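These figures come from a predicted structure and were not determined experimentally.
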Amino acid sequence: MKREQVQEKYKWNTADIFPTDEAWEKEFEKAEKTLSFSQYSGKLGDKNTLLKFLREFEDYQRLLERLYVYAHMRHDEDAGNAKYGAYYSKAGMLASKFATELSFYEPEMAKLDESYLKSLINDKEFADYDYDLKRTIARKPHVVSEAEERLIGMSGEILDGFYQNFSMIDNLDLPLPEIEWEGEKTALSHGLYGIILHSDNREKRKECYEKYYAAYTGLINTLTSVYNGNVKKDVFLSKVYKFGSCLERALFSEDVDKKVYDNLLSAVNKNLPSMHRYIADRKKILGYDKQYFYDIYAPLVDGVNVKYTYDEAYELVINGLAPLGKEYQALLKKGYDERWIDVEETEGKRNGAYSIGCPDCHPFVLLNYQPTLHEVFTIAHEMGHALHTYFSQKNQPYAKSEYKIFVAEVASTVNETLLLKHMLKEAKDINLRKYLLNYYLDSMRATLHRQTMFAEFEAEAHAMAEREEPLTKEALCNLYADIGKKYYGDKIEHDYNISCEWARIPHFYSAFYVYKYATGITAAINIAARILSEGENAVKDYFKFLSGGGSTDPVSLLKLAGVDLSTTAPFEVAMREFDETLTEFEKLMNI
């Protein structure tokens, strides 16, 4: 489908950021001309000068973010549109210049006396910046010289180019062939691949799986080179900033203790027998002599045809999230009515789904909606992100309005969990209940087990690079295959295609992001359980978390909602949820 064929109500309203392209260009020109902060260099030791700098910095960054978000969104509507590709590039270059212009800031702040910084933390005029100042003190051992920081800022576009290269391959140049589906020949897309793999047509799943992966394996040398470059970039930056490893640098940037990461991997590995049991159950229910990875999403329950139009799906999400209260439901409706969301899959549009925040504006959501149950949960997921952003921006000053990526997947997954529990409660048909339990198991497998598996892979890939071991296609595929066999067990065939799966995962270009999906669902399972059992008080605590933005470290923010990831308890709850759901499913399926 071409974009011009989509109804306006299903397109996000970018005019809420800038009314026209001309308005964007005018503000961009203004931003180029006013980019000047070097006059503050060497003067931040004066409290009044520092305060003036911080406020001017905020004003400029707000404008730059709006310019970038608009360009990003318009580019994602159609990656082949040269005009918006140029906007996106220009915004990226301006951001790089901004970083270069500010190269003096961290080195100069690091040289300031710690007692002076602590005095600012307790100064009411610096109340908006107290957490940032605490982090400034923590960053002191990792700050480089002004000259080094300037060089890194100047190289920003180059260092960030690996993801862009992957994105262009994945969205535009990937040689996906035609496939016959529902009586018509059509171009295979990322969205259609997901639909077919969830179908009950095994022959078509096999064909789709093989054709889809052939596109990636045919480019495996190129994709290996791009990913290798991205990992080496991470190693380079961790050394420059004096961290012991890439993982240490990633966790420090989020202000997360490594024991949270270790708790996750330990808990999931300890409970892999439940995962192996589920994979074995799937094989038994499907009745296959051999089970392949194109069978992993095959429906296990007959007689349930769950399809929703986008409008039906959105209404279901609003109803399913009733435990969060009327204000939350009203905001969901506002997002629909005021066109926060870009709905349809169209030619050249970025695949997948995401939410993006914008200063002085509401958040936006990109979808590529298909009429499946999974896509209903995608709406709930992305609107969870959006309303987390909404509450953070509403309740925090700009300097504290952006929450850490570590907690970015919590609100989204709370929404999914509450929606699932709502649908299970309302399910009158035994087959529908079986189906929903199966869906929940698959969601936990994909979000808790699979993302932890991804986390193990990228941790070891980075460790290999740190040991100066070559990241060849053979090394990466063998590593991925070995970890996959550990997680999925021996009741599924581990072929060459699935050993190359790492080459198609976009999140690997934001190293150590994926484990946050797993900690996110862990927190969400705990929060949802508390909301459903304790009601209003739990909701109030949860809203404290949603409104916390980046006012303190993310683990402390989760404690406001009753979840302490520095202990093993929440992970044990999540593992128990999977095991108990599997036990109920097995009973209903007479296994």
Side-chain angles (χ1 to χ4, degrees), residues 194 197-200 205 264 267-288 291-304 306 320 372-378 380-381 409 412-427 429-454 484 486-492 517-526 528-529 532 570-591:
L197 252 66
H198 282 83
S199 77
D200 58 5
R205 293 199 310 267
L264 169 67
V268 173
N269 274 271
K270 178 183 174 183
N271 288 275
L272 283 175
S274 291
M275 172 70 159
H276 298 163
R277 191 172 113 219
Y278 177 53
I279 299 301
D281 286 347
R282 290 191 62 88
K283 183 180 179 183
K284 188 181 298 184
I285 293 167
L286 292 168
Y288 297 152
Q291 181 176 213
Y292 294 87
F293 274 90
Y294 53 76
D295 299 318
I296 201 70
Y297 299 104
L300 300 183
V301 181
D302 294 328
V304 179
V306 184
T372 66
L373 181 63
H374 173 73
E375 296 288 286
V376 180
F377 284 94
T378 298
H381 182 100
E409 298 303 331
S412 55
T413 317
V414 166
N415 278 10
E416 288 194 73
T417 306
L418 289 174
L419 177 59
L420 189 284
K421 299 286 187 178
H422 166 78
M423 295 182 72
L424 279 171
K425 183 179 179 181
E426 296 294 315
D429 180 77
I430 189 67
N431 270 359
L432 179 58
R433 185 168 186 83
K434 291 177 184 177
Y435 185 95
L436 291 169
L437 288 170
N438 179 203
Y439 181 88
Y440 194 26
L441 287 167
D442 277 338
S443 295
M444 286 189 280
R445 176 191 64 78
T447 310
L448 185 50
H449 298 86
R450 188 168 181 248
Q451 300 301 327
T452 306
M453 182 185 79
F454 285 172
K486 179 176 72 168
Y487 272 74
Y488 282 91
D490 59 4
K491 299 303 181 183
I492 192 165
Y517 285 110
T519 54
I521 194 173
T522 297
I525 287 169
N526 283 263
L532 292 174
F571 298 96
E572 292 166 358
V573 168
M575 291 293 101
R576 192 160 56 246
E577 177 88 345
F578 182 83
D579 191 78
E580 291 175 354
T581 303
L582 179 58
T583 298
E584 182 181 356
F585 180 68
E586 287 171 335
K587 287 180 181 177
L588 290 178
M589 298 297 290
N590 297 315
I591 296 176

**Asked** So which heavy atom on P570 is nearest to which on T522, and how close?
**Response** O-CG2, 3.4 Å
**4.5 Å side-chain heavy-atom contact, I521 and Q451** = no
**Item:** Heavy atoms of other groups near K283 NZ, more than 12 under 6.0 Å
**Value:** yes
**Item:** Aromatic ring proximity F578/H449, centre distance under 6.0 Å
**Value:** yes
**Asked** Does the N431 side chain pair with the main chain of D302, one donor and one acceptor, at a distance under 3.5 Å?
**Response** yes
**Item:** Side-chain donor/acceptor of H381 to backbone N/O of F377, under 3.5 Å
**Value:** no
**Request:** Answer yes or no: is there a donor N or O on one side and an acceptor on the other, between the side chain of D295 and the main chain of Y292, under 3.5 Å?
**Result:** yes
**Message:** If I take atom CZ from residue F571 and atom OG1 from residue T452, how far apart are they, to the nearest 0.5 angstrom?
**Reply:** 9.0 Å
**Asked** Centres of the F293 and Y488 rings: under 6.0 Å?
**Response** yes
**Prompt:** About how many Å separate CG of L286 and CG of D200, when rounded to the nearest 0.5 Å?
**Reply:** 10.5 Å
**Request:** Run the salt-bridge test on D442 and R445 with the 4.0 Å N-O cut-off and return the result as yes or no.
**Result:** yes
**Message:** A quick test of your reading: do over 12 heavy atoms of other residues, nucleotides or ligands sit less than 6.0 Å from CG of D429?
**Reply:** yes
**Message:** For a side-chain contact (heavy atoms from CB on, under 4.5 Å) check, start with the C-alpha distance between Y517 and L448, then their side-chain angles and the critical distance, and finish with the verdict.
**Reply:** CA-CA 7 Å; Y517 285 110; L448 185 50; over 6 Å; no
Using distance only, find each side-chain donor-acceptor pair of residues 434-441 under 3.5 Å and give its atom names and separation, not counting sequence neighbours.
| residue | atom | partner | partner atom | Å |
| --- | --- | --- | --- | --- |
| N438 | ND2 | Y278 | OH | 2.8 |
| Y440 | OH | E577 | OE2 | 2.7 |

**Request:** Run the salt-bridge test on R433 and E584 with the 4.0 Å N-O cut-off and return the result as yes or no.
**Result:** yes
**Fill in**
Here the pair of heavy atoms bringing S199 nearest to P299 is O-CD, 3.3 Å
**Item:** Smallest separation among heavy atoms of G194 and H198, with atom names
**Value:** O-ND1, 2.7 Å
**Item:** Residue pair H422 / L418, side-chain heavy-atom distance below 4.5 Å
**Value:** no
**Request:** Compare all side-chain heavy atoms of D281 with those of M589 and state whether any distance is below 4.5 angstrom.
**Result:** no
**Prompt:** When rounded to the nearest 0.5 angstrom, what distance separates OG1 in T378 from CG in N415?
**Reply:** 12.0 Å
**Heavy-atom donor-acceptor pair, Q291 side chain to I279 backbone, under 3.5 Å** = yes
**Request:** Supply the atom-to-atom distance E416 CD to T447 OG1, rounded to the nearest 0.5 angstrom.
**Result:** 6.5 Å
**Request:** Quick one: do D579 and R576 satisfy side-chain contact (heavy atoms from CB on, under 4.5 Å)? Show the steps, please.
**Result:** CA-CA 5 Å; D579 191 78; R576 192 160 56 246; 5.6 Å; no
**Spacing of CG belonging to L424 relative to CG belonging to L419, to within rounding of 0.5 Å** = 10.0 Å
**Side chain to side chain, R277 and E586, heavy atoms closer than 4.5 Å** = yes
**Request:** Enter the distance from E409:CD to T519:OG1 here, rounded to the nearest 0.5 Å.
**Result:** 8.5 Å
**Prompt:** N271: what forms a side chain to side chain donor-acceptor pair (under 3.5 Å) with it, not counting sequence neighbours?
**Reply:** none
**Message:** Going by the rule salt bridge (charged side-chain N to carboxylate O under 4.0 Å, His left out), which residues pair with K486 if we only count those two or more places apart in sequence or in a different chain?
**Reply:** E456
**Prompt:** For A298, does its backbone N or O pair with a side-chain atom of R282 as donor and acceptor, under 3.5 Å?
**Reply:** yes
**Item:** Contact check, side chains of T581 and M444, non-hydrogen atoms, under 4.5 Å
**Value:** yes
